[in-house]
There are 2 protein chains.
Amino acid sequence: MESKHQDEIVQLCPRYHRAIELIGRRWTGAVIRVLFAGPRRFNEILARIPGISDRLLTERLRELEQAEIVSRAVETGSPVRVTYGLTAMGRDLEGPLGEIGRWAERWLPAEATAL
Amino acid sequence: MESKHQDEIVQLCPRYHRAIELIGRRWTGAVIRVLFAGPRRFNEILARIPGISDRLLTERLRELEQAEIVSRAVETGSPVRVTYGLTAMGRDLEGPLGEIGRWAERWLPAEATAL
DNA sequence: TTGCCTACCTACTTATGGTAAGTTATAAGC
DNA sequence: GCTTATAACTTACCATAAGTAGGTAGGCAA
């Protein structure tokens, strides 16, 4: 009964799968959520997400930029300042991620238990 | 580089963060989505998710069981059969994950590019 | 007896994440 | 004019998670 299904199901929904693997990567959801409030500079994002390291923030921002969810703006100057904001595609995640937030409020205890 | 800001911001939204780290783990979204269609046996889930290994499926199912998103039912018999289904908490993810699916259909190309 | 089935488990390798320190260019403080 | 500070990274290294391969139990069919 098994090998029969596999091929037909490969395309069950590759877009959904790609989406969830993309926004489900560690810290990605938090980064996007911070940017819902408006464009932020690198160190602002870093400060708003407890636990993330600068290395990983760089990595996640690069991925989100490549996915066209986040846009990057550089202001050349004394210390270079870089601002990150959401694209239309990124802002459109407010619905989905908001739903996840409401689900979490319905079902998860206020004091987070250890994963 | 140290972070001095961290403590003040810890309670931004721990439940949202926990939710996205939980359902965002690799394959978790796919497993839950398969179970939206109804309870399935171990090998059925395995066959429906191309790319996942049995080891990881076991691991994810254990985590989802612990999180009370998935329930496990054993039918003792000739070869032991185990059926996995969603709890109320798990079924309630249909809204959030559906939203993600629709977002993916709006924004991601039909032919998935490699992650 | 040999092999097959389900639902795993164990050992091992590779990829990803976490931690700490270094870089570049400018500017402020002493 | 020399140290120190800042922003946004980069590099190096170690730990954890994911991927791969093979094994296990107990019944059953050939």
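We name chains A, B, ... by the order of the sequence lines, and we start the count at 1 in each one.
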Check this for me: B/E68, atom CD, are more than 12 non-hydrogen atoms of other residues, nucleotides or ligands nearer than 6.0 Å?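 12 or below, so no.
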I'd like to know if A/R55 reaches the base of C/dT19 with its side chain such that a donor and an acceptor end up less than 3.5 angstrom apart. yes
Residue mapping more 5' on DNA chain D - nearest nucleotide basis, B/S53 or A/L61: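 The residue closer to the strand's 5' end, by nearest nucleotide, is A/L61.
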Of A/E44 and A/R26, whose closest DNA chain D nucleotide lies nearer the 5' terminus? A/E44
Among the nucleotides [options], which one has an atom lying closest to any side-chain atom of [X]?
X: B/R81; options: C/dG17, D/dA7, C/dA7; value: C/dA7
X: A/R41; options: C/dA21, D/dA8, C/dG17; value: D/dA8
X: B/F42; options: C/dT6, C/dG17, C/dC8; value: C/dC8

For a quick test of your reading: what N or O donor-acceptor pairs under 3.5 Å do the side chains of residues 103-110 of chain B make, sequence neighbours left out?
| residue | atom | partner | partner atom | Å |
| --- | --- | --- | --- | --- |
| B/W103 | NE1 | A/M89 | O | 3.1 |
| B/R106 | NE | A/D92 | OD2 | 2.8 |
| B/R106 | NH2 | A/D92 | OD2 | 3.0 |
| B/W107 | NE1 | A/D92 | OD2 | 2.6 |

Which is true for B/T58 with a 4.0 Å heavy-atom rule: it touches a base, it touches only sugar-phosphate, or it touches nothing?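 Here B/T58 touches the backbone only, sparing every base.
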Residues forming a salt bridge (Lys or Arg N to Asp or Glu O under 4.0 Å) with B/R60, sequence neighbours excluded: B/E63
Give a yes or no answer on whether the side chain of A/Y84 reaches the backbone of A/E65 with a donor-acceptor pair at less than 3.5 Å. no
Quick one: does any side-chain atom of B/T83 pair with a main-chain N or O of B/R41 as donor and acceptor, under 3.5 Å?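 Checking the backbone N and O of B/R41 against the side chain of B/T83, no donor-acceptor pair under 3.5 Å is found.
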Could you encode protein contacts along nucleotides 25-30 of chain C as a string, one character per nucleotide from 5' to 3', using B for base contact, S for sugar-phosphate-only contact and - for no contact, with a heavy-atom cut-off of under 4.0 Å? -SS---
Sidechain N-carboxylate O distance under 4.0 Å for B/E59, B/R62: no
